[in-house]
Chemist: 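Here it is: the structure, laid out below.
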Amino acid sequence: HGFLAKPPDWLDSQYEKHVAHVKANVPPERLLVFNVKEGWAPLCTFLGKPVPDVPFPHANDSKFLQHMTLVMQVATYAWLPSLALLAFFCRRLCCSAWTSQAKQKQKPQ
């Protein structure tokens, strides 16, 4: 349980074993070993479908992933300063209300 305790190349070897198992047990006419860098052609040929006129989607390209990593980091850490500011203003509001109440009680009538 847990691949983090395994040697560094363990996960790669498990993946390669799985691929070898699939290739050995799935008939070649039912198996497509596909790299998304190849685009539509091998996929469409395998499925017996025409190649679409739209570009092959590359949603997981490195530039996109770097951008999403930055977005997630900002979303993760941006709430900390906001929470600190909220606490600061709440304290000021509460303290000013308490101070004004205290001053009103001290005024002689």
Chemist: At what distance, to the nearest 0.5 angstrom, does CG of L43 lie from CG of L47?
Modeler: 4.5 Å

Chemist: Locate the shortest heavy-atom distance separating W40 from V51; write the atom from each residue and the value.
Modeler: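 That closest heavy-atom pairing would be CB-CG1, 3.6 Å.
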
Chemist: Could you tell me if the side chain of C44 sits less than 4.5 Å from the side chain of P52, heavy atoms only?
Modeler: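 Yes; the side chains approach each other to less than 4.5 Å.
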
Chemist: Mind checking the CG-CD spacing from D9 to Q14? Nearest 0.5 Å is all I need.
Modeler: 10.0 Å

Chemist: Find the distance between CG (L31) and CG (N25) and round it off to the nearest 0.5 Å.
Modeler: 10.5 Å

Chemist: Could you check whether atom OH of Y15 has more than 12 heavy atoms from other residues, nucleotides or ligands sitting under 6.0 Å from it?
Modeler: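 Open.
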
Chemist: From M72 CE over to M68 CE, what is the distance, rounded to the nearest 0.5 angstrom?
Modeler: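 Reported to 0.5 Å precision, the distance equals 7.0 Å.
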
Chemist: Measure across K23 and V33 and return the closest heavy-atom pair with its distance rounded to 0.1 Å.
Modeler: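 Result for this residue pair: CE-CG2, 3.7 Å.
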
Chemist: For N35, does its backbone N or O pair with a side-chain atom of E38 as donor and acceptor, under 3.5 Å?
Modeler: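 Yes, E38 side chain to N35 backbone: donor-acceptor pair under 3.5 Å.
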
Chemist: Do F34 and V54 sit in the same hydrophobic cluster, where Ile, Leu, Val, Met, Phe, Trp and Tyr count as joined when their side-chain heavy atoms come under 4.5 Å apart?
Modeler: yes

Chemist: Decide yes or no on side-chain contact (heavy atoms from CB on, under 4.5 Å) for L93 and F89, but give the supporting numbers first.
Modeler: CA-CA 6 Å; L93 181 64; F89 286 118; over 6 Å; no

Chemist: Restricting to side-chain contact (heavy atoms from CB on, under 4.5 Å), what partner residues turn up for L83, sequence neighbours left out?
Modeler: W79

Chemist: Can you hop from V36 to F46 via hydrophobic side chains spaced under 4.5 Å?
Modeler: yes

